[in-house]
Amino acid sequence: MPRKSFIAKREILPDSKYGDVLLQKFINKVMWEGKKNLAERIVYGALESVAKDKKEDVVEVFKKAIDSVRPRVMVKSTRIGGATYQVPTEVTLEKSQAIAMTWLITFARKRGEKGMVTRLKAELDDAFHGRGSTYKKREDTLKMAEANKAFAHFKW
């Protein structure tokens, strides 16, 4: 992080199929070793099969799934006077969406189904309905922040 100048955010272009920037960010996170074509096939395949079951727009299903698992509050370790406290802090929209995407991908990779398309489909479906590993992670994060509410005065 430079001391003198501001680092400009890179502009991410919308995805080619649906024209959504958030979906393009998700594809970029799924991408492994620069294989964007494969990542696009995985994400589009999973989204289309989830949306077919719901009979809704693909992008709306995806946004609802992301919104249901994104954390509003997280804990941040802060060292004060030799002791380390878990201080609850609010998370910005962009950061919380990035965390939700990372959680979705991580838990999809840990699932037991065959093929990443079916794993991601199942995880997105669980997130859409408010259940599954990703949703549990969000709830655990919220409980941790709630438990450490007494240290909220340490944030600055």
Side-chain angles (χ1 to χ4, degrees), residues 1-79 86-111 113 115-142 144-145 152 154-156:
M1 181 175 260
R3 294 173 186 235
K4 293 184 178 181
S5 63
F6 175 75
I7 299 174
K9 282 228 175 235
R10 289 189 184 147
E11 183 184 341
I12 295 179
L13 300 173
D15 73 302
S16 57
K17 195 168 186 178
Y18 298 107
D20 190 55
V21 176
L22 189 64
L23 193 55
Q24 184 62 48
K25 286 181 184 180
F26 190 68
I27 291 169
N28 289 344
K29 281 198 177 285
V30 170
M31 183 170 51
W32 199 274
E33 295 180 354
K35 298 186 179 182
K36 193 169 210 160
N37 230 359
L38 180 62
E40 284 177 346
R41 272 189 283 152
I42 289 168
V43 171
Y44 291 147
L47 282 173
E48 285 168 5
S49 58
V50 169
K52 193 184 337 175
D53 295 345
K54 309 282 177 271
K55 294 182 178 46
E56 290 184 40
D57 183 37
V58 175
V59 179
E60 293 304 314
V61 168
F62 173 69
K63 286 186 178 180
K64 187 172 179 188
I66 289 287
D67 196 47
S68 69
V69 295
R70 72 180 184 88
R72 311 302 196 260
V73 184
M74 290 192 73
V75 291
K76 194 175 193 179
S77 295
T78 304
R79 189 170 168 87
Q86 295 288 323
V87 180
T89 55
E90 290 184 23
V91 186
T92 62
L93 175 70
E94 231 175 75
K95 181 72 175 169
S96 66
Q97 285 175 342
I99 291 167
M101 287 185 229
T102 305
W103 286 349
L104 274 169
I105 295 163
T106 303
F107 288 115
R109 286 186 177 136
K110 289 180 181 178
R111 287 181 82 98
E113 287 95 356
M116 187 58 184
V117 175
T118 54
R119 292 176 184 179
L120 190 60
K121 178 207 179 283
E123 199 61 42
L124 283 168
D125 193 41
D126 285 349
F128 183 83
H129 290 296
R131 59 177 193 251
S133 305
T134 311
Y135 194 77
K136 186 179 181 320
K137 175 78 172 175
R138 175 188 172 247
E139 292 300 313
D140 291 346
T141 306
L142 186 66
M144 177 81 93
F154 287 130
K155 76 175 166 191
W156 43 62

I need the [X] [atom1] to [Y] [atom2] distance, nearest 0.5 Å.
X: W32; Y: M116; atom1: CH2; atom2: CE; result: 9.0 Å
X: D53; Y: D125; atom1: CG; atom2: CG; result: 6.5 Å
X: D20; Y: K63; atom1: CG; atom2: NZ; result: 4.0 Å
X: K64; Y: D57; atom1: NZ; atom2: CG; result: 13.0 Å
X: L47; Y: L23; atom1: CG; atom2: CG; result: 6.0 Å
X: D67; Y: L22; atom1: CG; atom2: CG; result: 10.0 Å

Taking the side chain as every heavy atom from C-beta outward, state whether [X] and [Y] have any atom pair closer than 4.5 Å.
X: E56; Y: F128; answer: yes
X: I42; Y: L120; answer: yes
X: R72; Y: S96; answer: no
X: P14; Y: V21; answer: yes
X: F26; Y: I105; answer: yes
X: I66; Y: M101; answer: yes
X: K52; Y: V58; answer: no
X: E40; Y: M31; answer: no

Just by distance, do the side chain of [X] and the backbone of [Y] share a donor-acceptor pair under 3.5 Å?
X: S68; Y: A127; answer: yes
X: D126; Y: R131; answer: no
X: R70; Y: Q97; answer: no

(message) For Y44, give me all partners under ring-ring contact (aromatic ring centres under 6.0 Å, His included), at least two apart in sequence or on another chain.
(response) Y18
Show the nearest heavy-atom pair for residues [X] and [Y], with the distance to one decimal.
X: F107; Y: K137; result: CE1-CB, 3.8 Å
X: L13; Y: Q24; result: O-CG, 3.2 Å
X: S49; Y: A46; result: OG-O, 2.9 Å
X: R41; Y: V117; result: O-CG2, 4.5 Å
X: V73; Y: P88; result: CG1-CB, 4.1 Å
X: E113; Y: A122; result: OE2-CB, 3.9 Å

(message) Is it the case that over 12 heavy atoms from other parts of the model lie below 6.0 angstrom from the CD atom of E94?
(response)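 Not more than 12 within 6.0 Å, no.
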(message) Name the residue from L124, N28, V30 that meets the side-chain contact (heavy atoms from CB on, under 4.5 Å) definition with V43.
(response)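 Between V43 and the candidates, side-chain contact (heavy atoms from CB on, under 4.5 Å) is satisfied uniquely by V30.
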(request) Output, in order, the C-alpha distance, side-chain angles, deciding distance and verdict of side chain to side chain contact (heavy atoms under 4.5 Å, CB included) for L104 and K29. (result) CA-CA 10 Å; L104 274 169; K29 281 198 177 285; over 6 Å; no
(message) Using the side chain to side chain donor-acceptor pair (under 3.5 Å) criterion, which residues pair with K76? Sequence neighbours excluded.
(response) none
